[in-house]
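See below for the structure under consideration.
All heavy atoms count here, side chains included; hydrogens, waters and symmetry mates do not. As the structure is a prediction and not an experimental result, all values here were calculated from the model.
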Amino acid sequence: MNYTIQNALIPVSDGYEKTDVQIVDGKIAAIAPALEVIGTAIDGRDRLLLPGFVNAHTHSSEMWQRGGIAPLPLELWIAELYDFPPIEPEQVYLSALGTAVETLLSGGTTVVDHLVLIPGRELETIAATVRAYREIGIRAFVGPLLQDESLPASIPSGATPREYTPYLRETEASLELMQEAVSQFHRPEDGIEILAAPTGMQLCSDALFEGVIELSDRHQLARHTHLLETKAQQILAQEKYGCSAVTHLKHLGFLGARTSLAHCVWLDDADTQLLAETRSTVVHNPLSNLRLGSGIAPILKYLQAGVNVAFGCDGSASNDSQDLLEAIKIGTILHNVTDFDYQNWITPRQAVQLASQGGATGLGLADQFGSLKVGKQADLVLYDLKNLSLLPRTDPIGLLVLGRPTQVVESAWVKGKQIVADGRVIAIDLEDLKKNLFECSQWNCDRPSKTVQQVESHYRSVLNLPPL
């Protein structure tokens, strides 16, 4: 657990400097040139050392559906997702392993997993996911994806009355499940935390949100949910509450310094001000927002208003990848077309800060990790600057964020424990993982979806689209 990284390149205010970094008992003990070697010496020459990034929103078990859902907007995409046959806990375990590996090898040392649960086998689902993350050694926040309303409730009714369809699990049962998940799996000292993570206002009652808030307060849990991802959700919030979803969540007491909100595409200026006032975090998922046609979140406006922002990949069925560097690149340059004043554009260094410190801040733990500072836990990543995709020698962070880096992570540490060495995740045999993922899946193209057909006409009428 003790290391001395020697002669690594780190960013400083006026450029870069070569320095040594001592890691003692899982924390950064010193940063300075020519330090005495403590523990194992790590050669940092021609390598860039950065704090690990946070994959601040994903759904690991969606790995089994990636590449398999046609281009559809979120509400219809979810209907298609629901039509896939249930997976087994062993598949959940494998997809969590895959998510962790892809996150680590693209610079992430923390994953926030908004976990889709197998009906009737919810605790087994959580256990399989936690087992995978613990074996890999990545820092993980697992949020059982809770809801108490069925899929049709997520689409605005418009002028069409709709029958109430009960969800398979009642509100109280979901809260009991959440309590049991905390009792069995919440182990912050081991790097595994349970999140209080209702699905979103479109599929959750106020009673569920209130119960989750009480649980999070009682157990000091971070909170997480989807928020105003689509235009349909903006319309739905006005139908349900007569006000913005952000205003309603503030009224319920859900917002706060340990609350992160995925997407936030359809917020207005008043919503933005509320997020800034409550110190809530926006998790930017640019790839899934584009893939599902949800829109472009006004991230530059959020940053100008003082809202904390982090990056997420979102699930592999709506992004079809867990490449965190790709999400950071798109999330950085996408907004150049939304504001002609280039002084407001996100710089590569700012992007790195959002991906690391921004992610830690959204979990309420920026005092523990997310930056290269003495006393912080050593969640660190060492990048190989001799890799072809990081050449020629110009600006290392510019190349990392704006380029197309591949296989550039040489080493990574979580809480001072090395979990990637020589570009390989230490805990697993990657060939075995690939073999298992291949054998547990099958080619499944162009599947018709009965559920999509049931809701598509209504969805099109609510959004004023021409009938089919």
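Around atom CZ of R45, no more than 12 heavy atoms belonging to other residues, nucleotides or ligands sit under 6.0 Å away. The 12-atom threshold is not exceeded at CG of D422, counting heavy atoms of other residues, nucleotides or ligands nearer than 6.0 Å.
Listed by first then second residue, pairs satisfying salt bridge (Lys or Arg N to Asp or Glu O under 4.0 Å) with a partner in residues 56-76 read R66-E102, not counting sequence neighbours.
Ring geometry for F254 against F209 counts as perpendicular: the plane angle is over 60°, on a 0 to 90° scale with 30° as the lower cut. Taking the six-membered ring for Trp and thresholds of 30 and 60 degrees, H226 and H59 have nearly parallel ring planes, at less than 30 degrees apart. H224 and H57 have tilted rings, their planes meeting at an angle from 30° to 60° on a 0 to 90° scale.
The main-chain N or O of S318 is never found under 3.5 Å from a side-chain atom of S288 such that the two would form a donor-acceptor pair. Under the 3.5 Å distance criterion, the side-chain polar atoms of S60 are left unmatched by any main-chain donor or acceptor of S95. For the pair T110 (side chain) and V54 (backbone), a donor-acceptor distance under 3.5 Å is absent. Between the side chain of D314 and the main chain of T58, no donor-acceptor pair closer than 3.5 Å is present.
Side-chain contact annotation: S294 with N289, donor-acceptor N/O pair under 3.5 Å absent. Side-chain contact of Q304 with K301: a donor-acceptor pair under 3.5 Å is absent, judged by distance alone.
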Residues R404, D323; criterion salt bridge (charged side-chain N to carboxylate O under 4.0 Å, His left out); working and verdict | CA-CA 11 Å; R404 184 63 178 92; D323 188 329; 3.6 Å; yes

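Because its NZ or CZ atom is not both nearer than 6.0 Å to the ring centre of Y16 and within 45° of the ring axis, R47 does not count as a cation-pi partner of that residue.
Within the 4.5 Å cutoff, side-chain heavy atoms of W64 are placed close to those of L437.
None of T109, D190, D379 except one satisfies the side chain to side chain donor-acceptor pair (under 3.5 Å) rule with R139; the exception is D379. Checked options S260, S280, S216; the residue passing with R223 is S216 (criterion: side chain to side chain donor-acceptor pair (under 3.5 Å)).
A salt bridge is defined here as a Lys NZ or Arg NE, NH1 or NH2 lying under 4.0 Å from an Asp or Glu carboxylate O, and K415 with E189 fails to meet this definition.
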